[in-house]
Amino acid sequence: MINFNRVSKSYGKDNKALRDVSFTVEAGEMLFLTGHSGAGKTTILKLLMLMQDVSYGQIKVNGQDISCMKSRKIPAYRRNIGMIFQDHRLLENKTVLDNIALSLQIRGYSDTLSYKKANAALVQVGIAEKANFYPQELSSGQQQRVGIARAFVAKPDIILADEPTGNLDPDLSLDLMKIFEKLNSLGITILIASHDLFLIKRLQKRVLVLEKGELIDDFSPQKNMYTP
Amino acid sequence: MINFNRVSKSYGKDNKALRDVSFTVEAGEMLFLTGHSGAGKTTILKLLMLMQDVSYGQIKVNGQDISCMKSRKIPAYRRNIGMIFQDHRLLENKTVLDNIALSLQIRGYSDTLSYKKANAALVQVGIAEKANFYPQELSSGQQQRVGIARAFVAKPDIILADEPTGNLDPDLSLDLMKIFEKLNSLGITILIASHDLFLIKRLQKRVLVLEKGELIDDFSPQKNMYTP
Amino acid sequence: MKRNNAQPHAFSCYIRGHKRAISEGFLMPWQRPLKSLMTILTLAICFYIPLFLWTLWLNYDELKQSWQNQGSIAIFIESTVDLKETGIFLQEIKDLPIVESASVLNSDAIKNQLSKDEQLSQIISLITAHDLPRQISVSVFAETTADEIEVFINNLSINPQVEYISYDKQWLSQLKALTNTLLQIARISAFMFILIVMVILANTIANEITDHKNELRLLELIGASWAQVRRSFLYMGTFFGIYAGIIAVIFIAISFRWLKDTINSLVQNFGIDITLHGLSFQQIALVIIISLLITWLAARLSLSSQMLNQVQD
Amino acid sequence: MKRNNAQPHAFSCYIRGHKRAISEGFLMPWQRPLKSLMTILTLAICFYIPLFLWTLWLNYDELKQSWQNQGSIAIFIESTVDLKETGIFLQEIKDLPIVESASVLNSDAIKNQLSKDEQLSQIISLITAHDLPRQISVSVFAETTADEIEVFINNLSINPQVEYISYDKQWLSQLKALTNTLLQIARISAFMFILIVMVILANTIANEITDHKNELRLLELIGASWAQVRRSFLYMGTFFGIYAGIIAVIFIAISFRWLKDTINSLVQNFGIDITLHGLSFQQIALVIIISLLITWLAARLSLSSQMLNQVQD
Ligand SMILES: Nc1ncnc2c1ncn2[C@@H]1O[C@H](COP(=O)(O)OP(=O)(O)OP(=O)(O)O)[C@@H](O)[C@H]1O
Ligand SMILES: Nc1ncnc2c1ncn2[C@@H]1O[C@H](COP(=O)(O)OP(=O)(O)OP(=O)(O)O)[C@@H](O)[C@H]1O
Ligand SMILES: [Mg+2]
Ligand SMILES: [Mg+2]
């Protein structure tokens, strides 16, 4: 379903963020992307989100080469993906609930339905009592959870999560992983960039390991497990 | 040296971020502040940084009550503290090196000396090759390390670190902790807010545990260790 | 792979989106009221300046017509022509299409007219009365152009009954020169002001949009189409336009109130009879609609430039 | 607890800080060149408008003086006074401080003068020559006020040699009315424009500062004193002022170039002799210094309001 074919990404001349990365993710799979800081995890997610252009190589999603997608088709493509950003990216002038409901309103849902679903998502991530707060009135972990709720509330085909537990303690991280597993069981493909090895070990999923832009390992849960 | 005396902080009526928190940190101590997301870790650091006003109680630093500090004395007070922010807060229109040197320039150092020290700090955090990049061209973990370098480069009396390893992998986290321990050995007081239990366990330092704004535990390294 | 998403109907989505965008666009200026007030004032000023010039121009146009009337034509009749023939001739002149009124003056009336001038009256009183020729005084309609008057005079001057025709050529040419100058100045300032207004307006709206840059970017990333992204900003622009238009009209009213007394006293001194007119209701409505369209367009332009500028991240 | 920080000397710190602030303030506009260009243009326009009015006013002032001269005074001498006595009287008048020049006109000269008027010349040619009284024509200095002229005339009129004094009271009073009106309009527009300029200027500079809000906040947090924080922004404001002042002066030069031809053709029609003056070098320097001070002040004000607005976080 997601297919990277010898993808490279460079910023300027001597600054290669990805080198010749190839892998395939099947529909309905859930996997981790790990590697040291600056290895290129975020870059892979940004390429998938069309936030950056590929320098060399080809990315196919559902069989379609996304780098030659017409710009008027991009919004529809993005609506199939829910992304959790490493820096949260919430709208400051909207409440937490509005931020989550927005994701549904953009897809054309009525206000009533949007707010009902948004409320349910807030309950799931455990910050129901902050519904009418503004993002800057939340702690970082709470903001991160709003971002997570926004990504999954519309039940997209793919969820891209960039360090979704970076600001969360281990207990909460595990709770959230349970949500991801539940979403995965509905058939949603989930790609999580993370360096939380504790979490990765616990979940027993496929793990892609990046090192300085190169894909150095691909551990399947069936095969021997990734033990750093 | 740092003394919290029954400190409370509330935002609005029913939104208490800290309730009746009292503790003392001796000069030259290094300790962790932990707790679930939203427990009030960041709030404690913000109060110390005078980014927020105390609602009730008293905070003394070096014997001085900081809440009645004259506003023209605040800059000098802040120059004694190096803070690492959870959201990095780097200047977008300055390079990484400029961002770090700024901290010294403000204290009146010459440009030559500032850049020399800034370069040395960058080497210490392991991103010397990114010196002339702009912050938005870095990965989150790299940005976080710039923030760390900026905080310690001027060798302040106190370092407040808010989730300094939130975007870093375990190996890098341990490397950075070594830097903190070295700074601590110079006599710098270090307060680290973190929920990285792996790290806390490894470092064997005093740990303050917050829960919903209350200080529920205070483990000393001499006494029994904090095992979550 | 599709789940039971119950994708809603396209048309109701569209209506819903616009409803939301209107309420959002309306609320946006209130999020930072002081900043928005400044923006609206700046826009109002942008609209005020050309509007003020336009209103002055409308008033001047009226004034010009009343001035043109003042240059009356004097036809001196040959002394051989008797009173009856003069009467017939007068009637002929009165029948001409450009003539508004005409009348015969005798020498006493002429002296009377001359004595209205302070300096001349002294001289005239010192001159013993003397036979002056009979004279027909003609006023032409306001719409008459200087060229038409020229033709009229040329035709008359070949008439054997006419000894000489005097008309205030200088007055007309001065009026023409003045009008030309004002027109030229008005053109230059209109051009300058349109430039000015464009720069300030674009800058102001662009600033307003730049303030929401992250919002625009994020909306794009969560899958909003460009039409959806910009919709509420366009409505915001429109609301800014309406507010600014209303304030500009109020400014105009205030400044005309101020000018009125000053102009009136000036005009009395020159013996001209005009009153300054403000804007009519239709004109006010027109102004507000135009200001609304302008801000909408400016918002649209700076939104698309925002889209083009969008850096990758 | 102090480490070997080698805290530098206070004065060299101060100089160093200013040097850095100047270079930063200079570079800031170049970080977003298009946006800065818009800001500078807006500021330039703000300075241009009052500057244009001021320059026009300077020109009008000169014009007014030349106009005042045109109202000359005619003193008619009693017919009993002979030529020699008239000569002595003329000398007395010439010696008065307000009199610029005076000369005796005989009746032929008067008729000649009258015949310059097209309409009158016809009448005059039809009148048989007649004895007109002798007349002294007096011009007063440009600086003379209407009141001084009034006193001068009252004093003369009780002189037994004088039969009658005629002077163009109307011309002077019209000129006065016109000047008053223009002064009033200039006052109103100066007031309006200062308001306008203040609003737009404050808004523009405030926008520029708001763009750097996070930077200001961060500098405070890493321990910069408020003087250090705002220093480079004040220099930025100053540089904006210099650029805008220069552009405003260029605009003035361009628009005067344009106006010159138009005004010249108008002025020829009215027989007035003036030339339009642009700005002198000193005036240009003054303008740039003032614009620099204004933007510095505006930056200072919006910086302190920024400090007051700073929300806790
Ligand atoms: N806009 C950019 N311009 C230049 N270099 C960039 C840019 N964005 C990313 N890079 C570089 O690309 C490399 C990979 O960045 P990326 O953000 O993918 O790392 P990451 O694996 O997400 O790291 P982290 O765990 O720290 O978030 C880094 O070295 C970074 O400096
Ligand atoms: N400006 C604010 N207005 C209202 N409530 C706030 C504000 N800032 C913080 N809070 C609330 O105070 C509580 C404590 O926040 P704080 O940022 O200290 O948590 P934290 O321990 O740092 O959490 P995290 O690990 O997620 O960063 C949270 O419930 C948060 O919602
Ligand atoms: Mg990353
Ligand atoms: Mg926190």
Side-chain angles (χ1 to χ4, degrees), chain A residues 11-12 14-15 17 34-43 45-46 85-89 125-127 129-130 132-146 162-163 165-173 175-176 193-201 209-213 228, chain B residues 11-12 14-15 17 34-43 45-46 85-89 125-127 129-130 132-146 162-163 165-173 175-176 193-201 209-213 228:
Chain A
Y11 300 99
D14 296 323
N15 187 8
T34 194
H36 287 289
S37 167
K41 305 182 288 297
T42 302
T43 305
L45 302 188
K46 281 185 176 173
F85 300 94
Q86 206 164 358
D87 48 358
H88 318 326
R89 303 212 188 185
V125 295
I127 42 169
E129 78 279 12
K130 300 283 181 191
N132 294 314
F133 279 54
Y134 286 90
Q136 58 276 23
E137 296 172 349
L138 301 184
S139 80
S140 299
Q142 290 163 343
Q143 286 179 23
Q144 193 152 42
R145 284 180 275 168
V146 177
D162 196 358
E163 222 74 74
T165 59
N167 289 293
L168 300 175
D169 45 288
D171 294 353
L172 256 172
S173 303
D175 287 353
L176 281 168
S194 176
H195 38 55
D196 193 340
L197 300 179
F198 169 75
L199 205 70
I200 295 174
K201 238 187 274 177
V209 185
L210 288 166
E211 169 104 39
K212 293 195 176 144
Chain B
Y11 300 100
D14 297 323
N15 186 9
T34 193
H36 287 290
S37 167
K41 305 181 290 295
T42 302
T43 306
L45 302 186
K46 280 186 175 172
F85 300 93
Q86 206 164 358
D87 48 358
H88 319 326
R89 302 210 187 187
V125 296
I127 43 170
E129 79 278 11
K130 300 285 182 190
N132 294 315
F133 279 55
Y134 286 90
Q136 58 277 23
E137 295 172 351
L138 301 184
S139 81
S140 298
Q142 291 163 341
Q143 286 179 21
Q144 192 152 43
R145 284 180 275 168
V146 177
D162 197 358
E163 222 75 73
T165 59
N167 290 293
L168 300 175
D169 45 288
D171 295 352
L172 257 173
S173 303
D175 288 352
L176 281 167
S194 175
H195 40 54
D196 192 340
L197 300 178
F198 169 75
L199 205 71
I200 295 175
K201 239 186 273 177
V209 184
L210 288 167
E211 168 102 41
K212 293 193 177 147

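Protein chains get the first letters and strands the later ones, always in sequence-line order, with residue 1 at the start of each.
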When the 4.5 angstrom heavy-atom criterion is applied to A/S37 and chain B, the contacting part is both
Excluding sequence neighbours, so at least two apart, what forms side chain to side chain contact (heavy atoms under 4.5 Å, CB included) with A/Q86? A/T42, A/D162, A/E163, B/S140, B/N167
With sequence neighbours left out, write down each residue that passes salt bridge (Lys or Arg N to Asp or Glu O under 4.0 Å) with A/D87, or none if nothing qualifies. A/R89
Which atoms of B/L172 approach chain A - backbone, side chain, both or neither, heavy atom under 4.5 Å: side chain
Quick one: does A/N15's side chain get under 4.5 Å of B/F133's, heavy atoms only? yes
Tightest non-hydrogen contact, residues A/H195 and B/D169, listed as CB-CB, 3.7 Å
Side chain, backbone, both or neither: which part of A/K41 has an atom under 4.5 Å from a heavy atom of chain B? neither
